[in-house]
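Lettering of chains follows the sequences in order, A, B, ..., and the numbering in each one begins at 1.
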Number of protein chains: 2
Amino acid sequence: MKSSSVFKRAHNRCLNKLAGTEPGALLPAESKLALDLGVSRTTVRAVLSSLTSTGIICRDGSGRRLARRPLAADYFPEAQTESTGAAVERRFMEWILQGDFRPGKLINCAELARQFSTSTTAIREHLAHFNHFGLLERRPNSAWMFKGITADFATEIYEIREMFELRSAHRFAELAPDAAAWSELDIIEREHRQLLANIDERYRDFSRLDERLHRLIHDASQNSFVVNFYDVISMIFHYHYQWNKADEKERNFVALHEHLAYIAALRSRDLRTIDAKCRAHLKTARKTLLQSIDLRLNPD
Amino acid sequence: MKSSSVFKRAHNRCLNKLAGTEPGALLPAESKLALDLGVSRTTVRAVLSSLTSTGIICRDGSGRRLARRPLAADYFPEAQTESTGAAVERRFMEWILQGDFRPGKLINCAELARQFSTSTTAIREHLAHFNHFGLLERRPNSAWMFKGITADFATEIYEIREMFELRSAHRFAELAPDAAAWSELDIIEREHRQLLANIDERYRDFSRLDERLHRLIHDASQNSFVVNFYDVISMIFHYHYQWNKADEKERNFVALHEHLAYIAALRSRDLRTIDAKCRAHLKTARKTLLQSIDLRLNPD
DNA sequence: GCTCTGATTTTTACATATAAAAAACCGTTT
DNA sequence: AAACGGTTTTTTATATGTAAAAATCAGAGC
């Protein structure tokens with residue numbers, strides 16, 4: 001059966017909205033809330049009905065009013081707001097990064113389903129995702145083969161990444177001066193400087209900023225294959241950031257400066273400079289990833 | 001329940017092998033046959049047991065002998081050898097190419113399952129494949145959106161294809177002179193010339209040759225992302241070949257000559273010439289695809 | 001030892017079943 | 001008539017069930 005993660009997520013998001021509302025105030029219409037929370041009116045009604053029974057809101061004719069401010073205890077635990085699919089993908093990545101799986105290892109979904117205590121249907125459907133990422137290879141009527149993450153895999157990914165990012169950076173430089181991307185670049189640059197000013201406490205915030213910058217650049221390619229490919233990079237990086245904590249502050253410090261040089265190059269619109277700064281940064285990023293992989297496969 | 005397409009395919013392939021065997025001859029061991037037919041020994045035993053009961057083979061101690069030559073009536077119909085998944089993918093492509101689906105059209109899998117008379121599970125699992133190809137967009141808890149095949153989509157694909165194929169062609173030129181790919185290229189070239197000699201009758205065989213040449217070149221990239229991307233190209237082309245029959249002979253004639261120039265460029269190992277010939281051919285191929293798309297979206 | 005076949009166990013592919021969520025439908029009210 | 005809330009219908013996500021196919025086990029013969 002389906003877990004009610006959509007309901008629970010909407011419920012928590014609704015509480016967040018209500019936290020900024022004065023008690024006694026009238027709530028928006030159901031359809032407005034549905035649009036706002038990104039779910040169907042059916043789910044909104046389920047949430048409102050739940051909030052009524054816990055006494056957070058009360059009916060007033062055909063409308064609803066906030067009865068009291070929501071408390072921390074009114075929220076569903078964060079873990080219950082994750083959909084089964086998202087949980088499978090997260091757990092799978094953690095599983096292959098933490099367990100020691102050599103490339104070539106066979107993975108059967110019956111066993112995985114038992115280990116993750118879900119159904120084989122959910123496993124099958126979501127492992128297909130990693131098949132597309134190149135992490136798994138599906139062999140019909142048989143077990144899946146775990147293929148990476150090896151140094152070769154990283155090299156292949158980076159070969160594509162460099163092609164795509166250079167192309168995207170060129171496109172970025174060609175954007176009209178009034179394009180929204182330029183002001184987003186300004187904001188990102190400012191956040192880089194703020195992060196550098198507090199590097200000692202905030203160095204862990206780098207990865208989110210890294211994602212934002214590179215995604216902005218890739219978006220300029222206007223090519224869905226390029227944009228989708230960044231999802232692969234992003235996923236691989238996301239999980240490896242969690243693994244390799246060695247010299248994290250120093251690495252992020254260097255990367256922040258490389259980003260600033262890259263941003264300046266984009267602003268100059270000089271393709272040669274852009275290529276140079278982009279390549280320099282990607283080279284460092286690849287080195288970091290290869291280091292993480294080496295650390296994981298050959299822990300000292 | 002699972003269709004026995006694996007069994008039926010193995011059964012037909014086994015009959016093909018037996019057609020070249022003298023009656024009375026001893027069959028290979030079960031495990032040898034399994035390896036040969038690419039299925040498990042369990043399936044081989046099921047096939048052999050079936051062939052025994054139809055009197056095509058007979059037991060001889062612990063071995064088996066061919067009793068009579070197989071007839072056309074002994075084969076399972078071709079349609080039954082297609083797995084459910086493959087059938088769903090093929091039928092879906094035919095459905096979107098033949099029906100008039102404008103980009104943005106919503107597709108729900110419940111309806112598709114009814115139309116294709118399979119289960120929603122099979123539909124869901126295989127539509128995910130087209131999600132990865134960029135033909136569909138999955139919207140959680142809701143219907144799928146059909147995105148292409150539009151002119152924009154073709155342009156995006158060709159942007160990537162050009163990047164990947166130029167890179168692969170360079171790698172191809174750098175292969176050692178004794179690499180197997182060079183002799184495969186010789187064979188492909190010879191087949192091009194043979195096809196050109198009989199262009200009037202055999203022009204339809206071009207698409208298979210096209211696939212072989214480009215796949216050979218992409219393989220030289222040694223990059224699984226590049227190789228996998230060619231699957232997308234291949235699929236799009238495969239279905240559009242079936243659609244656009246206008247000037248087919250002339251188009252294939254031109255393409256064959258472009259291929260020969262491209263092959264000669266690869267042999268010269270001169271990167272400039274390779275780039276020129278590769279670009280020229282891809283430009284024509286893109287034009288053909290765009291024409292097919294236009295023909296489909298705006299039939300005269 | 002290795003290779004073969006026969007029998008048993010496990011896994012995969014897919015159909016079916018069902019709660020969660022979306023969508024559609026339908027009077028009311030403004 | 002557009003917006004709203006109540007109700008009903010349909011669809012999605014996923015758990016469960018099962019035939020097909022793979023994998024494993026076990027004994028026989030060389």
Next on the checklist: For DNA chain D, which residues of residues 102-113 of chain A approach it to below 4.0 angstrom with any heavy atom?
Outcome noted: none
Item to check | 5′-ward residue of the pair A:Arg139/B:Arg138 relative to DNA chain D | outcome: B:Arg138
Checklist entry - Closer to the 5' end of DNA chain D via nearest nucleotide, is it A:Ser31 or A:Ser117? => result A:Ser31
Nearest whole angstrom, please: distance from the [atom2] of [N] to the [atom1] of [X].
| X | N | atom1 | atom2 | result |
| --- | --- | --- | --- | --- |
| B:Gln80 | D:dA20 | CD | P | 13 Å |
| A:Leu27 | D:dC4 | CG | P | 14 Å |
| B:Leu127 | D:dT12 | CG | C1' | 13 Å |
| B:Leu35 | D:dA23 | CG | P | 12 Å |
| A:Leu33 | D:dC4 | CG | P | 11 Å |
| B:Gln115 | D:dT11 | CD | C1' | 16 Å |
| A:Ile123 | C:dT10 | CD1 | P | 19 Å |
| B:Arg45 | D:dA20 | CZ | P | 17 Å |

Checklist entry - Does the gap between the ring centers of A:Phe164 and A:Phe225 come in under 6.0 Å? => result no
Checklist entry - Side chains of B:Asn108 and B:Trp144: does their closest heavy-atom pair fall under 4.5 Å? => result no
Checklist entry - When you check the phosphate oxygens OP1 and OP2 of C:dC14, does a side-chain N or O of B:Thr121 lie under 4.0 Å from one of them? => result no
Checklist outcome for this item: Quick note, ring-ring contact (aromatic ring centres under 6.0 Å, His included) partners involving residues 43-81 of chain A, not counting sequence neighbours, are A:Phe7-A:Phe76, A:His11-A:Phe76
Checklist entry - For DNA chain C, which residues in residues 58-66 of chain A have a heavy atom at a distance below 4.0 Å? => result none
Next on the checklist: At under 4.0 Å between heavy atoms, how does the protein contact nucleotides 19-26 of chain C? Give one character per nucleotide, 5' to 3', with B, S or -.
Outcome noted: SBSBBB--
Item to check | A:Ser234: which of A:His214, A:His218, A:Glu211 passes side-chain hydrogen bond (donor to acceptor under 3.5 Å, both in side chains) | outcome: A:Glu211
Next on the checklist: Let me spell it out: for each of B:Glu125 and B:Glu30, pick the nucleotide of DNA chain C with the closest heavy atom. Which residue's pick is nearer the 5' end?
Outcome noted: B:Glu30
Checklist outcome for this item: Those residues at least two apart in sequence (or on a different chain) that pass ring-ring contact (aromatic ring centres under 6.0 Å, His included) with B:Phe130 are B:Phe92
Checklist entry - Which class fits the ring pair B:Phe101 and B:Trp95: parallel under 30°, tilted 30 to 60°, perpendicular over 60°? => result tilted
Item to check | Partner residues of B:Glu78 under the side chain to side chain donor-acceptor pair (under 3.5 Å) criterion, sequence neighbours left out | outcome: none
